[in-house]
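See structure below.
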Amino acid sequence: MFAKQLKDNEKGLFIWGSLFLILLSAVFCIYPSIMAESKDTINQLLAVFPQELLDAFNMTDIATPSGWVNSEGMIFFLLGGAVYSALLGSNCVWRERKDGTIEFLAVKPVRRTSIIVKKALADLLSIFLFTLVASATILIGLLISDDLDAPVMLAVTLSPLLVFAVLYALCLFLSICFQGSVGLALGVSIGFYIPVVLSKLSESMKFFRYCTPFTLSDTVSILADGHLDIECCAMGILLFIILFGGSIWLYNRREAL
Amino acid sequence: MSILTIQNLQKTYGKARGVTDLSLSVEKGEILGFIGPNGAGKSTTIRCIMNLLNKNSGEIFFEGKPLLRGDTTAYAQIGYLPSEIHLYDNMTGEEMLLYNASFYAPGSLERAEDLCRRLSFDKKKRLRALSLGNGKKLGLILALMHAPRLVIMDEATSGLDPLIQEEVYAILREEKLRGTSFLFSSHNLGEVKKLCDRVAIIREGTLIRTAPTAELTEGSVTRVRIATDDLPDPALHFIREGDTYTTLYTGDPNELIAHLGTCRLKRLIIEEPDLEEIFLHYYQ
């Protein structure tokens with residue numbers, strides 16, 4: 001079942017992995033020439049924005065490749081990975097139900113817990129491989145650009161794993177409760193990014209950062225501290241365990257059809 | 001001894017009826033026909049047995065032990081053929097058989113090979129390219145390949161051509177001789193009569209009759225056909241067909257003769273009805 005789920009994910013992983021590999025590689029190829037030509041224009045444009053906003057979005061130094069990664073690059077990576085993880089989560093057990101194949105699977109001599117755990121392990125491995133591809137592309141790109149602080153950038157590019165795992169578990173749980181779909185995945189992944197933007201707009205709205213799993217991968221604080229926030233990691237793992245445990249509990253009680 | 005026992009099964013879909021207080025049993029080595037019109041509760045009963053649906057109340061036992069969701073030992077001994085087969089479209093027949101075999105003890109692939117040959121199933125084809133009949137053949141192979149002790153079939157032969165149907169009947173008879181038991185849900189009363197040892201009739205979620213097939217088709221219900229110029233006794237519920245009247249009669253034959261004596265008969269035919277007529281008799 002694990003191998004079958006992994007095989008089912010093959011095409012999606014190839015598409016999403018290739019997309020990020022090509023996009024990130026293209027940026028690293030053309031970014032130096034863009035910066036050489038338009039650095040002054042971009043700096044003038046950034047000067048229009050308040051310093052707090054630039055700090056919040058880590059846009060104080062986008063003239064370097066690492067500056068671009070820490071600001072825009074990580075936003076693309078986080079959002080793209082979040083959508084991919086949410087799609088996998090909402091389809092994990094829902095797709096079998098939608099396609100009717102659950103009537104084959106649920107009557108086999110296998111426990112429901114085993115079904116959901118094996119499928120989820122294959123999905124999480126796919127998410128890990130996707131993150132690894134994107135992270136490796138960024139690290140290699142920065143290495144070639146001679147702009148790599150390896151330990152910090154490794155922490156920055158791998159920290160989204162926790163966000164992806166939590167969003168995956170959340171969509172899995174919601175798909176068992178309400179039925180999954182592309183809409184659910186997009187809604188959850190993009191919807192949870194809105195509090196991130198709101199939390200960075202002003203001090204009074206900072207509390208929004210506690211309403212979203214994206215806070216678990218906070219590039220600004222990783223860059224400031226030089227390492228992952230252990231409390232954030234623990235919180236992420238706890239959230240994942242609660243949501244995934246809840247999914248198993250619910251899946252064992254719901255009707256298969 | 002019963003291999004499958006259902007006691008007071010109750011299943012509702014919100015306010016809608018599913019099955020009500022249904023009790024039946026499948027004896028070891030028998031084929032129990034399970035008949036009823038669409039929406040009578042056959043598939044609901046079967047899906048409750050397979051734990052695809054949560055029952056509201058009642059008990060289901062397999063070989064004397066409660067059949068619970070996640071009982072891998074029990075479900076390893078049960079084969080299931082749903083009425084509509086949904087398979088993994090991106091797989092070939094061969095991959096599907098391998099995947100199914102991974103859930104059971106070794107040896108099921110050899111049986112699958114034999115069943116593929118007997119049912120003329122081309123396992124190289126992608127499942128998305130299978131016709132309804134070939135999908136049904138694969139469903140039959142998947143249900144039987146692990147040599148289960150109980151097979152539950154919902155519309156086993158619908159969509160199959162007559163030659164393959166005959167081969168399926170032969171396979172089921174052989175399996176029965178090996179001691180396999182069947183719960184055989186069908187609309188095809190001819191095949192139920194041909195195959196089943198007993199028949200359970202379900203109507204509006206309630207089991208209305210369980211009896212040996214022979215008992216249902218011989219003796220207890222009689223088709224009475226008369227030709228008369230008089231109006232026959234309304235108590236006999238005769239239906240007029242041209243110049244003759246026909247009814248299915250259950251009850252004391254002496255009372256039948258007494259009722260028939262009230263009019264002058266030109267012709268009287270008393271014969272055994274077929275299963276279709278008995279089925280309709282229980283529904284009207």
Side-chain angles (χ1 to χ4, degrees), chain A residues 1-15 87-88 91-123 126 175-180 245-257, chain B residues 11-13 18 43-44 46-56 62 67-91 95-105 108 127-128 135 138-139 142-143 145-146 148 150-154:
Chain A
M1 211 183 309
F2 173 80
K4 187 190 171 297
Q5 185 76 1
L6 212 53
K7 194 169 183 296
D8 288 347
N9 290 347
E10 219 173 54
K11 202 189 279 180
L13 178 62
F14 177 77
I15 292 169
L87 279 172
L88 285 179
N91 273 327
C92 175
V93 290
W94 167 246
R95 190 165 59 188
E96 296 260 10
R97 193 171 169 180
K98 187 181 69 181
D99 295 346
T101 50
I102 192 65
E103 202 165 6
F104 164 82
L105 191 58
V107 301
K108 299 294 136 193
V110 58
R111 289 191 172 83
R112 294 265 184 101
T113 303
S114 177
I115 293 176
I116 196 168
V117 167
K118 284 178 182 170
K119 280 174 165 285
L121 279 176
D123 287 347
S126 303
S175 74
I176 297 170
C177 287
F178 308 110
Q179 303 177 353
S247 303
I248 294 174
W249 182 84
L250 198 60
Y251 190 57
N252 272 296
R253 276 149 191 83
R254 293 299 289 257
E255 294 188 328
L257 299 174
Chain B
K11 169 68 189 168
T12 53
Y13 300 95
S43 294
T44 298
I46 286 172
R47 285 169 171 176
C48 285
I49 298 169
M50 298 311 295
N51 262 310
L52 292 164
L53 298 176
N54 296 340
K55 56 185 185 289
N56 296 94
F62 176 73
L67 184 58
L68 304 172
R69 180 178 292 167
D71 184 345
T72 53
T73 316
Y75 280 104
Q77 299 303 329
I78 301 175
Y80 172 54
L81 174 70
S83 54
E84 281 178 48
I85 299 167
H86 299 280
L87 299 168
Y88 301 99
D89 285 350
N90 55 344
M91 281 186 170
E95 287 168 341
M96 190 72 210
L97 294 173
L98 272 169
Y99 185 45
N100 192 54
S102 72
F103 293 101
Y104 299 104
S108 56
L127 301 190
R128 73 169 72 92
L138 179 57
L142 295 173
M145 63 187 271
H146 57 289
L150 170 68
V151 184
I152 295 171
M153 298 180 142
D154 202 352

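Proteins get letters first, then strands, A, B, ... in listed order; numbering begins at 1 in each.
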Please classify the contact between [X] and chain A as side chain, backbone, both or neither, with a heavy-atom cut-off of under 4.5 Å.
| X | answer |
| --- | --- |
| B:Asn100 | both |
| B:Gln77 | neither |
| B:Tyr80 | side chain |

What are the two closest heavy atoms between B:Leu142 and A:Phe104, and how far apart are they?
CD1-CE1, 4.2 Å
Looking only at heavy atoms, the pair that brings A:Pro109 and B:Ala76 closest together is CB-N, 3.6 Å
Out of A:Lys108, A:Arg254, A:Glu96, A:Arg111, return the one with the most heavy atom pairs under 4.5 angstrom to chain B.
A:Lys108
Quick one: which of A:Leu105, A:Ile102, A:Asp8 has the most heavy-atom pairs under 4.5 Å with chain B, could you say?
A:Leu105
Around A:Phe2, counting heavy atoms of other residues, nucleotides and ligands shown, do more than 12 lie under 6.0 Å from its CZ?
yes
Measure from the side-chain N and O atoms of B:Asn54 to the backbone N and O of A:Arg253, and report whether any donor-acceptor pair falls under 3.5 Å.
yes
Closest-packed option against chain A by number of heavy-atom pairs under 4.5 Å, given B:His86, B:Met91, B:Glu95
B:His86
Euclidean distance, B:Asn90 CG relative to A:Glu10 CD, rounded to 0.5 Å:
10.5 Å
Matching residue for A:Glu255 among B:Arg69, B:Arg47, B:Lys11, B:Lys55 - test: salt bridge (Lys or Arg N to Asp or Glu O under 4.0 Å):
B:Lys11
Side chain, backbone, both or neither of A:Asn252 within contact of chain B (heavy atoms, under 4.5 Å):
backbone
